[in-house]
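Proteins get letters first, then strands, A, B, ... in listed order; numbering begins at 1 in each.
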There are 4 protein chains.
Amino acid sequence: MILKFKRDCTSEQIHEMESKLSADNIENYVVNYKGCRIIVCNGNVTDIPEYIESQIIKTPYKLASKEFQNEKTIVDVDGVKVGGNKIIMIAGPCAVENQESLIEEAHFLKSIGTDFLRGGAFKPRTSPYSFRGLKEEGLKILAEAKDETGLKIVTEVMTPTDVKLVAEYADVLQIGTRNMQNYQLLDEVGKSDKPVLLKRGMSATVKEWLLSAEYILSQGNPDVILCERGIRTFETALRNTLDLSVVPLLRELTHLPVIVDPSHATGKRSLINPMSKASIAAGADGLMVEVHPCPECALSDGEESLTFQQFGNLMEELKSVVKVFGKAI
Amino acid sequence: MILKFKRDCTSEQIHEMESKLSADNIENYVVNYKGCRIIVCNGNVTDIPEYIESQIIKTPYKLASKEFQNEKTIVDVDGVKVGGNKIIMIAGPCAVENQESLIEEAHFLKSIGTDFLRGGAFKPRTSPYSFRGLKEEGLKILAEAKDETGLKIVTEVMTPTDVKLVAEYADVLQIGTRNMQNYQLLDEVGKSDKPVLLKRGMSATVKEWLLSAEYILSQGNPDVILCERGIRTFETALRNTLDLSVVPLLRELTHLPVIVDPSHATGKRSLINPMSKASIAAGADGLMVEVHPCPECALSDGEESLTFQQFGNLMEELKSVVKVFGKAI
Amino acid sequence: MILKFKRDCTSEQIHEMESKLSADNIENYVVNYKGCRIIVCNGNVTDIPEYIESQIIKTPYKLASKEFQNEKTIVDVDGVKVGGNKIIMIAGPCAVENQESLIEEAHFLKSIGTDFLRGGAFKPRTSPYSFRGLKEEGLKILAEAKDETGLKIVTEVMTPTDVKLVAEYADVLQIGTRNMQNYQLLDEVGKSDKPVLLKRGMSATVKEWLLSAEYILSQGNPDVILCERGIRTFETALRNTLDLSVVPLLRELTHLPVIVDPSHATGKRSLINPMSKASIAAGADGLMVEVHPCPECALSDGEESLTFQQFGNLMEELKSVVKVFGKAI
Amino acid sequence: MILKFKRDCTSEQIHEMESKLSADNIENYVVNYKGCRIIVCNGNVTDIPEYIESQIIKTPYKLASKEFQNEKTIVDVDGVKVGGNKIIMIAGPCAVENQESLIEEAHFLKSIGTDFLRGGAFKPRTSPYSFRGLKEEGLKILAEAKDETGLKIVTEVMTPTDVKLVAEYADVLQIGTRNMQNYQLLDEVGKSDKPVLLKRGMSATVKEWLLSAEYILSQGNPDVILCERGIRTFETALRNTLDLSVVPLLRELTHLPVIVDPSHATGKRSLINPMSKASIAAGADGLMVEVHPCPECALSDGEESLTFQQFGNLMEELKSVVKVFGKAI
């Protein structure tokens, strides 16, 4: 059960309720959501004062559920709206590799109508002996690309102590697949005022994913964008198995926007174009695509990056595709 | 390595080659493919006579590979072409339940432009205590529906000794997911002159799937339609995980047409519409959808069946969707 | 609900009950189990005559459940008891390759105390271009090995029409992993009087596996031995993932004996010895191990076969291992 | 390729080599391992001075591989040796819940010969609305239990900034399954002087697991204990699928000790006893078992905890089991 306090409630009233719940041995968690105080209770409460509205939400995630909020969340990233009628496009290299190449790419991406520049400054790598990113230097290059082009920046943060630093440069904080259940990191981005792009864990169920979103929401940050990026299955023909059915499924379960990353999902350049279109058809709010000036010389994930020309073609082709689904791009 | 005999070769020449290979201890299999004699050899052959053309095919499936045949196979089902520019629609109930209801449904499906009527007369059921289908009686009802409407019939055959019987009534023989590696059944439908719709095994890799198609092709039946219907993964939110990326992947690996069954893949009525559109966007040649006059009273799979109205809407909406991908319906 | 008829019931009484159930629209299935007539009903029945004992069994499998029969089934294979205090050992090559080599192996296996000789005469192969076994010739070689050594024979049957033939030679009919849901085949071995070794499907849940056993039991054959042989998961370091926890789990769910095949489960020779011991420790009733006179020259599965010496060592080591678990070998 | 510097090398020699490698554009990482300086290079180096020994290691993990170190690592936890002849037993509640109950349990565990007390003070929870542990208060209770009984303490650390705090109280730092690829956390425990128990990620391959161990080793901490705790598969009958074959597989790949957690792997109390024995039979160096004074009133994971009596029985039964495998307990 959740208890929503009316907007003019005093903190005394909130504390009083907390004490009552604790006295009754009902576990409870006070959260802020879009300026409202809410108590999430594990158990049902009786004798609820009139300044509180109660709601029973059957799913374990509360704030993330459609039961709680029926209208879709539109995440406003400094004017670029994610979750509305416009399909948003996030593109860029897997990792920020050097200033010149990123700036060149940013100009290209801007010129064809991309909304966000992606690029890793902090890179999670399976092996300790792989390139782990340029770190703050990478963030600065991203900032420069933003200054020059106006593209918004999406970049990954891997550990709680880096959240402040990354938030200085990024417009959207990305949580990678390996960190979907890094709870201190979720808490920390939940306290940030920057929107969060939350990738699905590679073997996370939809329920677990929404509970990870709930970590962020329950810390007071309502701006979470979900990103499907493929799951791990027995099939080895492709890097991951893109679980595209979760896009319409999430529409029924949550009000949060959902985008798709066909690059990591398939790991295969030639499949990015058709699977981008399929993602739009399934109802995705946007796409996150790896693009590299020279995929074969990329420091990571080259085999799943599009060339400029391939991405240009995709953008062009998407224009008519999104229209048939009543969307713009 | 495969050896293709020129069309005017004598059977002596073929036998001679077989003897030579056996003498050299090279395992070999003689197959017919579209009127050509081909020997598939596990090993390389030298001194090849000029009436034989040899080809090295790197994949374990040979006839099914694009290396072997680059142009797409178009399966002609009595005038309805699968694999061409037109998206084909297969619809109907999970199981044939009774005459009246099926005939009514067939008329409806025909009226809105469906190409094929599906319906199980022989039903594979996890429990021995579930309805296993009307068997020959069900086939007769399908035949009647065909007579009345002209719809082509797709229906499942589960065991080699039933192939002849089912082929008398069906236009396309369906091999279900549990039988994808029932090799005697594959051999038997390979000897039939009816096209075969081969569903992917629920935990089959793409390679295994194409090798099962190869069983059929190598028995002389070139008309195989592949059908993705979801795979089994850790995710339990939906019945299966629709592996839609295999649609464009198969385009690169094989010349065979590929369709998608979003009903079994998702197991959830509300997802069939968006995932049908996503399948088209990914490049599928057709769709197989469960439709039932009264889903909640279906003997099996009701929760994944569309009502007539829902399927009518889907057909209507697909008209503009397929156009943007350069297809007709 | 199941209805058990007392032993002296007349067939009139059975027919009467069937008619009553059908009149009441209760789906029902009459089965024989160890000489008793039982009706399995999908629904609850009232007004049960005193010559019938009713039982509500909550699991979808009925005859296979411990609720139905608490004492363990001991399958008696012509004097060799599977499921009792003695661990049974099944060993032999993947496929029967030739007479001389199999007879030699049979003598060796007999000399060190093996109970059963295994060997495939009919081989399910992923590719149509692989050796599919010696068929009836292979069965005859197995029979000869039995004549010479007294070893019981376990061999696979792949299709319903071969059941009679294979049952002439085999002491135990093996259903392979790809055929666990080949229902006509299950029906057919259910009508045979030979015990059945039912391998788990490579992606079958425990519930599905027990329902496949139920197919056999419900046809009147009570002698089913379950065989865990590894499942398909994301892990590619080994051929399959041996799901050993199902051994004690099945003990709680079913009265049927359970053995383990560590050869197919791991696909790696060096792991067979430790995983055999682990299987015994987990409570398995027996082991099925591939042994080949010359693993590196085997026509199939050489890399997972033990040499004679390795299998001899294993048998020797198992003697003290089984003792600590209160078993004999 | 790795380059091992002789013990008397100067830091000038090391820097010189680094410069040479960087000049040659060979990525390189300097690590400390048991007092030796080693450079791991992505690429091969020629002209190696005589004070450096080079070795080519084919696996992506280097220090963790048996190629690098053939003799088994024995982790010495203040006198308790993990990886030697003695099977080590780690037991305790899922979470530290209160002082009284933990002290009582510690006395019991000590009395029957347990080596380590486990208990979570920091708890990773799928939902933000679940009990997350007593944090430092929990650590203090663990310390008190250690003071009273002499049991060594294993407890989880979830985030880099907590490593120092947890290391003050713990004898072994546990990295949980969700954090196996939390690389900053791995780096940080790699800099600690406390041994690390590294649980396998719930969908991690063996290769990824060993690369996570490599993160720790390459930071200079040689004391890593691997812990198999079940993987995520399609099977839902149990909480996870215990992948026991990795125990003998890891023996061939790495010198690090391996223990098994049958509680989390199965999630079912009645399976812990047989799967503990199976783990020993497979070659595990120890076991980690959840034990709770009152499993049904536990704040988390009650259904997978043993009672005192059940754990007492297991310890008693293991005495004869370990002996047959040449081990002590």
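Between D:Asn42 atom CG and A:Phe131 atom CZ the span is 13.0 Å, to the nearest 0.5 Å. To the nearest 0.5 angstrom, D:Tyr183 atom OH is 12.0 Å from A:Asn182 atom CG. A distance of 10.0 Å separates CG in D:Leu185 from CG in A:Asn179, rounded to the nearest 0.5 Å.
Contact count versus chain D (heavy atoms, under 4.5 Å) is highest, among A:Val31, A:Asp162, A:Thr159, for A:Thr159. The most heavy-atom pairs under 4.5 Å with chain D, out of A:Pro160, A:Pro124, A:Cys41, A:Ser127, come from A:Ser127. When A:Arg125, A:Glu27, A:Met158 are compared by the number of non-hydrogen pairs under 4.5 Å with chain D, A:Arg125 comes out ahead.
Both the backbone and the side chain of A:Thr205 have a heavy atom closer than 4.5 Å to some heavy atom of chain D. Contact annotation for A:Asn28: neither backbone nor side-chain heavy atoms come within less than 4.5 Å of a heavy atom of chain D. If you measure heavy-atom distances from A:Pro60 to chain D, the contacts under 4.5 Å come from the backbone alone. Interface remark: D:Ala204 contributes backbone atoms only to the contact with chain A (heavy atom separation under 4.5 Å). Both the backbone and the side chain of A:Gln181 come within contact range of chain D, each with at least one heavy atom under 4.5 Å from a heavy atom of that chain. With a 4.5 Å cut-off on non-hydrogen atoms, A:Ala213 does not touch chain D at all. Only the side chain of A:Tyr29 comes within less than 4.5 Å of a heavy atom of chain D; its backbone N, CA, C and O stay farther away. Both the backbone and the side chain of A:Glu214 come within contact range of chain D, with heavy atoms under 4.5 Å apart. In this structure, chain D has no heavy atom under 4.5 Å from any part of A:Thr233.
Between A:Arg132 and D:Asp187, the shortest heavy-atom contact is NH1-OD2, 2.9 Å. Minimum heavy-atom separation, A:Pro128 to D:Tyr215: N-CE1, 3.4 Å.
Using a 4.0 Å cut-off between charged nitrogen and carboxylate oxygen, A:Arg232 and D:Glu208 count as a salt-bridge pair.
More than 12 heavy-atom neighbours from other residues, nucleotides or ligands sit within 6.0 angstrom of NZ on D:Lys66. Counting heavy-atom neighbours within 6.0 Å of A:Lys34 NZ, excluding the residue itself, gives a total above 12. No more than 12 heavy-atom neighbours from other residues, nucleotides or ligands sit within 6.0 angstrom of CD on A:Glu100. Open room surrounds NZ on D:Lys207; 12 or fewer heavy atoms of other groups in view lie less than 6.0 Å from it. When the shell of 6.0 Å around NZ of A:Lys164 is examined, it contains 12 or fewer heavy atoms from other residues, nucleotides or ligands.
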* Please test D:Thr161 against A:Gln184 for side-chain contact (heavy atoms from CB on, under 4.5 Å), starting from the C-alpha separation and ending with a verdict. => CA-CA 10 Å; D:Thr161 45; A:Gln184 277 86 347; over 6 Å; no
